[in-house]
Amino acid sequence: MQVKFTRTTDTKGMFGGKRVYCLNAILSVSDGERALLDRFDLWQASLWFLADDYDPDLRNQLNKTLRDLSSGVRFECEDFNQVFALERHVVDACSQALRTAEARASFNGTDRVYEVTSKDHTFVTAD
C-alpha cells in the first residue's frame, strides 16, 4: 500500500487574498491488499474513524473514505502545520485499515506461535 502526497499552495477569495496550503493524496494498493480490503468491506471506512489518534480539528478534512483516497483527494488547510498532521493521519488510517484486515483474516483456524522468554516475545509463524 502506498500513499502519494503532493503539496501545493493556492489562493482563495476575491483577488487571491488568502493563501491555502493544499495536500493532494492518492492511494495505490497491491492486488493482495485490494482483496483484503474487499473481503472485509473496508473501502467505505472513513479516514477519521481509522486513524488511531486524530486531531479533532481535522475531522472534517478526514471525513473521506479509503475509496475516495484511491481516486485521489485534495485537502485544503489554512495552516501549513495542518498539512503535516493530515499526512500523518492519512498514513495512520491506511496502516490501521491493513492491520484490521490482516487481523480479521487471521481468524481462519491457523496456529499463531510466539517464542517467549523472560524479557521479550517474538512472533515466529502462522500456519
Gap separating the [atom1] atom of [X] from the [atom2] atom of [Y], nearest 0.5 angstrom:
X	Y	atom1	atom2	answer
Arg104	Asp41	CZ	CG	9.0 Å
Leu66	Gln44	CG	CD	9.0 Å
Arg99	Cys94	CZ	SG	11.0 Å
Leu69	Leu27	CG	CG	4.5 Å
Ile26	Gln2	CD1	CD	11.5 Å
Tyr21	Asp10	OH	CG	12.0 Å

Determine whether Val91 and Glu87 satisfy the following criterion, side chain to side chain contact (heavy atoms under 4.5 Å, CB included), listing intermediate values before the conclusion. CA-CA 6 Å; Val91 169; Glu87 280 184 5; 5.5 Å; no

To check you understand the geometry: which heavy-atom pair defines the closest contact between [X] and [Y], and what is its length?
X	Y	value
Ala101	Phe40	O-CE1, 3.4 Å
Leu47	Ala93	O-CB, 3.5 Å
Leu42	Ala97	CD1-O, 3.5 Å
Glu76	Arg74	OE2-NE, 3.1 Å

Sequence neighbours excluded, which residues qualify as salt bridge (Lys or Arg N to Asp or Glu O under 4.0 Å) partners of Asp79? none

same_hphob_cluster(Phe80, Val20) at 4.5 Å side-chain heavy-atom cutoff: no

Is it possible for you to say whether Leu36 and Val3 belong to one hydrophobic cluster, with membership spreading through side-chain heavy-atom contacts below 4.5 Å? yes

Can you give each donor-acceptor pair under 3.5 Å made by side-chain atoms of residues 28-35, sequence neighbours left out, with the distance rounded to 0.1 Å?
residue : atom : partner : partner atom : Å
Ser30   : OG   : Glu33   : N            : 3.2
Ser30   : OG   : Glu33   : OE1          : 3.2
Glu33   : OE1  : Met1    : N            : 2.8
Glu33   : OE1  : Ser30   : N            : 2.9
Glu33   : OE2  : Met1    : N            : 2.6

Would you check if there is a donor-acceptor pair between the side chains of Asp92 and Ser95 at a distance under 3.5 Å? no

Assess, by modelled atom type and distance only, whether the side chains of Thr100 and Gln96 contain a donor and an acceptor separated by less than 3.5 Å. yes

If you apply the rule side chain to side chain contact (heavy atoms under 4.5 Å, CB included), what do you find for Arg7 with Phe84, and how did you get there? CA-CA 10 Å; Arg7 298 176 186 164; Phe84 304 127; 3.5 Å; yes

